[in-house]
Amino acid sequence: MSTGALHLITGKIAAGKSTLSAKLAAETGGLVLAEDYWLPTLYPAQITSLDDYRRDSGRLRTAIAPLIVDLLRRDLTIILDFPANTVASRTWMRGLADAAGITATLHFLDLPDDICRARLHARNAAGTHAYQASDAEFDQFTAHFAQPEGSEGFRIVRYAAD
């Protein structure tokens, strides 16, 4: 049985997922694997629609899954900074944990839309993020967001706006 740990993060756009990933890495000594780094590196200027994202994210997930499972089986801590915002995405992530023989921890950034949208505007203005999302894209991605349920098989840690 592995003693590795898998930390997953869910929350709307600009909820603070990457910030929490870095904090968890500092606290645990874990390795952050961030989709927002990998996708523009592997597919520069090629992701211009939700369909492009789904295609290329799927390719990345297929390629990286065996590595993640191997690292977990080697008792490493992995912070997976990939969006865990849909049940399907979380099912893939739970499959990684299951293959490694562990229970993953899902960190849920439960913030209201107005806070996330304000953070998105600030992030866009600063130009510090790999992706700039419009209000329309925020609404499109938020429409697909599914709050995690205890029945999904994770330890859930919830972070509220307070």
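In this chain, numbering begins with 1 at the start of the sequence shown.
- The minimum heavy-atom distance linking Arg119 with Ala14 is given by the pair CD-O, 3.0 Å.
- Ile79 and Leu72 fall into different hydrophobic clusters, defined by Ile, Leu, Val, Met, Phe, Trp and Tyr side-chain heavy atoms under 4.5 Å apart, directly or through other members.
- Asp52 has a carboxylate O that lies under 4.0 Å from a charged side-chain N of Arg55, or vice versa, which qualifies the two as a salt bridge.
- Phe82 and Val87 fall into different hydrophobic clusters, defined by Ile, Leu, Val, Met, Phe, Trp and Tyr side-chain heavy atoms under 4.5 Å apart, directly or through other members.
- With sequence neighbours left out, Asp51 forms a salt bridge (charged side-chain N to carboxylate O under 4.0 Å, His left out) with Arg54.
- For Asp139, the side chain to side chain contact (heavy atoms under 4.5 Å, CB included) criterion is met by Arg117, not counting sequence neighbours.
- Under the 4.5 Å side-chain contact rule for hydrophobic residues, Trp38 and Leu50 share a cluster.
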Pair up each side-chain donor or acceptor in residues 19-27 with any protein partner under 3.5 Å, not counting sequence neighbours, and list the distances.
residue : atom : partner : partner atom : Å
Ser21   : OG   : Lys17   : O            : 3.0

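- Under a hydrophobic clustering in which Ile, Leu, Val, Met, Phe, Trp and Tyr are joined whenever their side-chain heavy atoms come within less than 4.5 Å, directly or via other members, Leu42 and Val32 fall into different clusters.
- The salt bridge (charged side-chain N to carboxylate O under 4.0 Å, His left out) check on Glu152 picks up Arg90, with sequence neighbours excluded.
- Within the structure, every pair that satisfies the side-chain hydrogen bond (donor to acceptor under 3.5 Å, both in side chains) test and touches residues 99-110, not counting sequence neighbours, is listed here: His7-His107, Thr105-Arg155, His107-Tyr159, Asp110-Arg158.
- Linking Ile, Leu, Val, Met, Phe, Trp and Tyr whenever their side-chain heavy atoms come within less than 4.5 Å leaves Ile102 and Ile9 in two separate clusters.
- In this view, Ala15 and Leu109, Leu111, Cys116 satisfy the side chain to side chain contact (heavy atoms under 4.5 Å, CB included) rule, not counting sequence neighbours.
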